[in-house]
Amino acid sequence: MPTAFLPDLRLNYRDEGAGAPVVFSHALGLDLAMWDAVLPLLPPGLRLIRYDHRGHGGSDVPAAPYSMGALIRDAERLLDHLAVKDCVFVGISMGGLVAQGLAVKRLDQVRGLVLSNTAARIGHESQWQARSAAVAAGGMEAVADAVMERWFPRRFRAEGLAAPWRDRLLACAPEGYRGGCAAIAGTDFYTPTASLTLPALVIAGSEDGSTPADLVRETADLMAGAEFKLLRPSGHLPPVDAPEAFAEALAGFLRRIGHI
Ligand SMILES: O=C(O)CC1=CCC(=O)O1
């Protein structure tokens with residue numbers, strides 16, 4: 001897999017297909033594989049770029065804490081490195097915070113936003129500090145069960161479909177996860193996100209235990225003209241538990257804004 005040197009940090013990414021660029025930014029504790037089921041369902045004529053945040057997947061793992069500004073700069077520098085302009089940037093959860101920040105900063109890079117299962121602010125600082133402390137003391141295992149309950153609907157878990165994703169979470173570097181917790185804890189994008197006027201689709205899951213649909217809708221309401229789509233049934237990670245519905249929503253948005 002290609003790696004971009006930015007130059008102080010190696011970021012792992014994949015750049016597939018040709019055409020209008022769509023960039024995918026993943027959730028805390030996962031990696032670019034979380035988009036595996038969605039990408040083959042998208043229409044042709046797209047350049048599909050996905051990457052691992054610092055501290056995640058195959059990217060470098062600098063010492064925690066990370067700032068949201070650093071995560072946004074990583075995305076910005078990767079897109080500059082790949083000469084990407086006018087992309088649709090798809091961010092889920094922590095990746096959705098990166099998406100909001102990048103759109104505020106680089107409208108030359110981003111012409112459309114898809115914010116999935118995210119908000120202008122996610123949770124409270126103290127919760128993220130407690131989660132980070134739990135990982136520091138007990139590794140990823142210390143938070144895995146609680147994270148699975150927030151990520152996936154009960155039925156998905158009961159059918160054993162969450163197990164591979166628990167394994168992926170356990171494979172996350174604790175330092176990288178703690179870095180991500182710090183970045184989320186320090187982020188409040190209510191004011192900057194309310195200034196965004198670019199085309200946006202905001203997606204929520206009916207059984208999301210991390211960013212409930214009402215919170216996600218509140219973020220959609222901040223942005224003039226943003227569309228809101230509730231996926232049902234789905235949890236915090238629709239690209240994993242409802243890839244067909246997610247791909248259909250994304251493809252429809254790409255068509256409506258003339259990206260394909
Ligand atoms: O781990 C969670 O609770 C869900 C989550 C919040 C931000 C993110 O990226 O994942």
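Both ligands and their constituent atoms are indexed starting at 1 by order of listing.
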With a cut-off of 6.0 Å (strictly less than), are more than 12 heavy atoms of other residues, nucleotides or ligands near CZ of R121? yes

Between S93 and N117, does any side-chain donor sit less than 3.5 Å from a side-chain acceptor? no

Checking side-chain polar atoms at under 3.5 Å, does D31 have a donor or acceptor matched by the opposite partner on H56? no

Please list, in number order, the atoms of ligand 1 under 4.0 Å from a heavy atom of [X].
X    : value
H236 : 4 (C), 5 (C), 10 (O)
W151 : 1 (O), 2 (C), 4 (C)
I184 : 7 (C)
A27  : 9 (O)
L28  : 8 (C), 9 (O), 10 (O)
S210 : 2 (C), 3 (O), 4 (C)

Assign the ring pair F89 / Y51 to parallel, tilted or perpendicular, where the plane angle (0 to 90°) is split at 30° and 60°. tilted

Measure up the H26 and H53 rings against each other and bin them: parallel (under 30°), tilted (30 to 60°), perpendicular (over 60°). perpendicular

Nearest to atom 8 (C) of ligand 1, what protein heavy atom do you find, and at what distance? S93 OG, 2.5 Å

Check: W128 N/O within less than 3.5 Å of ligand 1 N/O: no

Could you tell me whether R73 and D80 make a salt bridge, using a distance below 4.0 angstrom between a side-chain N and a carboxylate O? no

Hey, is H26 one of the residues with a heavy atom under 4.0 angstrom from ligand 1? no

Distance col, row W128:CH2 vs I122:CD1, nearest 0.5 angstrom, shows 6.5 Å

Closest to atom 3 (O) of ligand 1 among Q127, M94, R131, M148 (heavy-atom distance): R131

